[in-house]
S.K.: 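Can you read through this structure? Questions will come right after.
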Amino acid sequence: MALAEPYVAPALRGRFGRTRRRTRWSSVSHVDQIAIGALVAVTLLAVVTPWIAPHSATRPAGTSLVHPFHGFVFGTDEVGRDVFSRVLYGLRTSWLAALLVIASGVLIGGLIGLVAGAAGGWIDNVLMRITDAFLSLPGPILAIAVVAALGPSLSHTLIAVMIVWWPFYARIVRGEVRALAARPHLEAARLAGVGRVRLAVRHLLPGAIPATVVTASLDVGNLVLTLAALSFLGLGAPAPAPELGAMAARGLPYLLEQWWVPVMPGLGVLFLALVSNLAGDGLRDLIGDR
Amino acid sequence: MTQFVLKRLAAMVAVLLVLAATVFVLQRLTPTDPVHAMLGGNASKAMIAAEKHKLGYDKPMVAQYVDYIGGLLHGDLQMSLRTRRPVATDLGQYLPATLELTLFALVVAVVLGGLMGIATAARFRGSGVLRVVLLSAASAPSFLLAVLGILLFYRKLGWLPATGRSSVANVPTGPTGLLTVDGLLHGRLDVVTDAFKHLVLPGLCVGIGPAMSIGRVLRSSLVNTMRTDYVRTARAKGQRESVVLLRHAVRNSLGPALSMTGLQVGLMFAGVVVIEQVFAWPGIGLYTIQSIPRTDFPAIAGVTLVLGAGYVIVNAVIDVLQAAADPRIAL
């Protein structure tokens with residue numbers, strides 16, 4: 001049975017379609033352009049950190065508690081480690097961790113949302129009730145409980161955050177898929193004999209991508225902050241590891257006299273979250289319509 | 001309306017059961033065996049088996065869960081492995097401090113968010129700069145705000161204290177446990193002002209992030225309302241723009257901001273845990289932090305249950321309030 005697949009309406013081809021308004025780089029504000037550029041730069045930086053960091057992140061590089069700009073840009077901490085190098089490594093950990101969690105959230109949530117939206121009926125009902133239940137619980141608090149149960153470590157923290165981060169995406173993908181499923185061309189595809197799986201993957205999933213990408217890009221900033229807070233609470237990698245939240249927490253006793261020890265890692269988190277928030281706004285304008 | 005309230009209550013109970021189930025499962029996942037932890041390393045096999053039987057750990061999982069829920073309904077949150085006291089007693093001691101801080105932060109978030117949403121809904125020169133400033137405030141981790149606040153207002157200016165809830169020697173032990181309220185009830189104005197000074201910095205640090213989120217939602221909702229026909233009519237009547245905005249538009253735009261406030265309460269609980277550590281605030285957060293390294297899971301389970309239940313109940317109440325304000329929601 002070799003029926004040709006029905007023509008996919010142009011609107012569904014997303015941003016690659018010909019009829020769709022071309023989104024132009026110049027239509028995005030300068031601030032957002034800079035932010036998107038900075039985001040790309042941060043990603044590159046995170047990858048090459050081990051080669052560009054001036055000093056080791058875990059071994060002393062000089063005398064302890066040197067003021068910033070006295071040989072060390074961000075000064076040194078209580079055991080003489082270079083704060084700048086540690087912040088660089090911390091940015092790398094935070095950023096890669098945030099990307100990993102977002103990716104898993106989109107994957108798990110997307111899969112559940114797609115199955116629920118494409119299947120409909122009782123499957124949809126059950127999956128969405130579970131999603132709703134998770135959505136109505138406070139994510140960060142639940143994450144703390146999960147890490148506390150498994151024992152503090154970076155991988156456990158990531159698992160914990162992944163567990164609380166998917167429901168949002170399930171909801172979005174499911175909503176998009178349900179809206180698409182009611183459209184005539186989907187009915188045409190079904191009549192043409194397109195199988196369930198192919199229908200879901202080829203005809204429903206692409207329609208959910210723009211909304212998901214926009215949501216995810218606006219979400220990274222929140223995630224960076226949540227991960228930093230958990231790390232601050234001691235729910236991350238153990239002691240010498242350079243994590244921004246944990247560095248700030250351990251630097252607290254030095255706050256009044258050697259302010260740079262806790263402040264610099266905090267500024268690192270601020271930088272990362274701000275860049276992702278601005279870039280998220282920019283991507284929303286770039287991808288359009290929402 | 002009654003039907004909506006009943007439905008919402010049923011959903012709330014279901015979510016609370018899921019919360020309890022989650023904590024219950026996590027408890028079984030903990031590497032520390034509570035029976036071993038209680039009896040110590042020298043306990044004989046027979047003693048452990050007897051204790052397990054006494055605590056009901058040899059029953060099927062479902063029966064254990066039912067027992068667990070029954071215990072929760074009687075206020076039994078099990079024993080803390082660290083303090084060797086019932087978790088419920090510990091929480092009762094630490095809860096008022098956290099409650100006072102959270103309530104204060106909530107007021108900060110709502111007032112600041114409201115002002116910000118209304119101020120930015122109007123377009124004016126420099127609103128682009130304002131956007132970056134506000135986004136920076138929303139992107140700052142709460143511990144950075146706390147640290148900078150301490151450096152500025154405590155170290156540099158000496159205006160505000162940096163640690164604890166109170167520096168008055170004999171604080172009234174009053175009915176509520178909230179120092180500001182108890183101070184007022186006992187007519188001790190010195191306690192009230194002192195407690196307030198201690199609240200300002202941590203409250204701001206917890207409240208600023210949520211305030212930004214509330215403000216952003218209120219702003220976009222306001223911008224939409226300002227495009228509606230009835231607003232055009234109000235303008236056509238010759239009313240001043242400020243009157244149109246404040247008297248006609250704000251009320252109809254509050255819905256999304258209100259649900260955002262409910263969602264932010266969850267983030268604020270997490271923020272409180274962090275901020276309590278910075279300011280040595282003797283609340284639930286500090287209790288959590290001290291419990292984590294000792295793998296005192298019953299304590300953390302108690303905190304999760306109390307904060308989680310608080311969050312679920314607050315959001316249910318907000319939903320009902322919204323339906324009362326806008327009957328279309330209940331349909």
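Source: prediction; values computed, not measured. Letters go in sequence order (proteins before strands), and every chain restarts at 1. These values consider heavy atoms only, across backbone and side chains, with no hydrogens, waters or symmetry-generated copies.
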S.K.: What residue in A/V146, A/D132, A/L150, A/L256 has the most heavy-atom pairs under 4.5 Å with chain B?
M.R.: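 Highest number of heavy-atom pairs under 4.5 Å: A/L256.
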
S.K.: For B/D296, check side chain to side chain donor-acceptor pair (under 3.5 Å) against everything at least two apart and list the hits.
M.R.: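 With neighbours one apart ignored, the set is B/S80.
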
S.K.: Can you tell which part of B/T288 gets under 4.5 Å to a heavy atom of chain A, answering side chain, backbone, both or neither?
M.R.: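 Looking at B/T288, just its side chain touches chain A.
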
S.K.: What do you reckon, is OH of B/Y154 surrounded by more than 12 foreign heavy atoms closer than 6.0 Å?
M.R.: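 Atom OH in B/Y154 is not packed in, count stays at 12 or less.
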
S.K.: Write down the atom of B/F269, the atom of A/I141, and the distance for their closest heavy-atom approach.
M.R.: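 Distance-wise, the nearest heavy atoms are CB-CD1, 3.8 Å.
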
S.K.: When heavy-atom pairs shorter than 4.5 Å are enumerated against chain B, which of A/D281, A/N222, A/L142 gives the highest number?
M.R.: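 Top count of heavy-atom pairs under 4.5 Å with chain B: A/D281.
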
S.K.: Just give me the residue among B/V23, B/T304, B/L17 that pairs up with chain A most often, heavy atom to heavy atom, under 4.5 Å.
M.R.: B/T304

S.K.: Is it the side chain or the backbone of B/V278 that comes within 4.5 Å of chain A heavy atoms, both, or neither?
M.R.: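 When you check distances to chain A, atoms from both the backbone and side chain of B/V278 fall under 4.5 Å.
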
S.K.: Which atoms of B/L19 are under 4.5 Å from chain A, going by heavy atoms: the side chain, the backbone, both sets, or neither?
M.R.: both

S.K.: Can you name the closest pair of heavy atoms from A/A149 and B/F297 and give their distance?
M.R.: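 Residues A/A149 and B/F297, closest heavy atoms: CB-CE1, 3.5 Å.
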
S.K.: Measuring heavy-atom distances to chain B, does A/L274 have an atom under 4.5 Å in its side chain, in its backbone, in both, or in neither?
M.R.: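 Answer is both: backbone and side chain atoms of A/L274 are under 4.5 Å from chain B.
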
S.K.: Under 4.5 Å from any heavy atom of chain A, what part of B/L26 do you find: side chain, backbone, both or neither?
M.R.: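 Both parts, heavy atoms under 4.5 Å.
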
S.K.: Between chain A and each of B/A270, B/G308, B/S136, count heavy-atom pairs under 4.5 Å; write down the option with the most.
M.R.: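 Max contact count across the listed options: B/S136.
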
S.K.: Check B/V15 against A/S136 and note the closest heavy-atom contact, atom names and distance.
M.R.: CG2-OG, 3.5 Å

S.K.: Heavy-atom cut-off 4.5 Å, strictly under: side chain, backbone, both or neither for B/L263 against chain A?
M.R.: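 For B/L263, no heavy atom lies under 4.5 Å from chain A.
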
S.K.: Kindly write out the residues that satisfy side chain to side chain contact (heavy atoms under 4.5 Å, CB included) with B/A138, not counting sequence neighbours, or none if the list is empty.
M.R.: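 B/A138 satisfies side chain to side chain contact (heavy atoms under 4.5 Å, CB included) with B/M212 once adjacent residues are dropped.
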
S.K.: Listed by residue number, which members of residues 159-172 of chain A have a heavy atom under 4.5 Å from any heavy atom of chain B?
M.R.: none

S.K.: Could you tell me which portion of B/I150 (side chain, backbone, both or neither) has an atom closer than 4.5 angstrom to a non-hydrogen atom of chain A?
M.R.: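 Looking at B/I150, just its side chain touches chain A.
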
S.K.: Mind listing the closest non-hydrogen atom pair of A/G266 and B/L144 along with its distance?
M.R.: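 Taking A/G266 first and B/L144 second, the nearest heavy atoms are O-CD2, 3.6 Å.
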
S.K.: Would you find more than 12 non-hydrogen atoms of other residues, nucleotides or ligands less than 6.0 Å from B/R216 atom CZ?
M.R.: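 Open.
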
S.K.: If you count heavy-atom pairs under 4.5 Å between each of A/L244, A/V269, A/L255 and chain B, which one has the most?
M.R.: A/L255

S.K.: Which pairs, with at least one residue in residues 225-265 of chain A and sequence neighbours excluded, count as a ring pair (Phe, Tyr, Trp, His ring centres under 6.0 Å)?
M.R.: A/H67-A/W260, A/F232-B/F143

S.K.: Please give me the minimum heavy-atom distance between A/L233 and B/Q277, naming the atom from each residue.
M.R.: CD2-OE1, 3.9 Å

S.K.: Walk me through whether A/I144 and B/I292 qualify under side-chain contact (heavy atoms from CB on, under 4.5 Å).
M.R.: CA-CA 9 Å; A/I144 292 177; B/I292 289 172; 4.3 Å; yes

S.K.: B/V274, B/V18, B/L148, B/V273: which one forms the most heavy-atom pairs within less than 4.5 Å of chain A?
M.R.: B/V274

S.K.: How many angstroms lie between CG in A/L135 and CG in B/N315, if you round to the nearest 0.5 Å?
M.R.: 11.0 Å

S.K.: Need one label for B/L135: side chain, backbone, both or neither, based on atoms under 4.5 Å from any heavy atom in chain A.
M.R.: both

S.K.: Which region of A/L235, side chain (C-beta onward) or backbone (N, CA, C, O), has a non-hydrogen atom less than 4.5 Å from a non-hydrogen atom of chain B, or is it both or neither?
M.R.: side chain

S.K.: Can you name the closest pair of heavy atoms from A/V263 and B/V147 and give their distance?
M.R.: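 Between these two residues, the closest heavy atoms are CG2-CG1, 3.3 Å.
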
S.K.: Below 4.5 Å from any heavy atom of chain A, which atoms of B/V265 appear? Answer side chain, backbone, both or neither.
M.R.: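 Interface part for B/V265: neither.
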
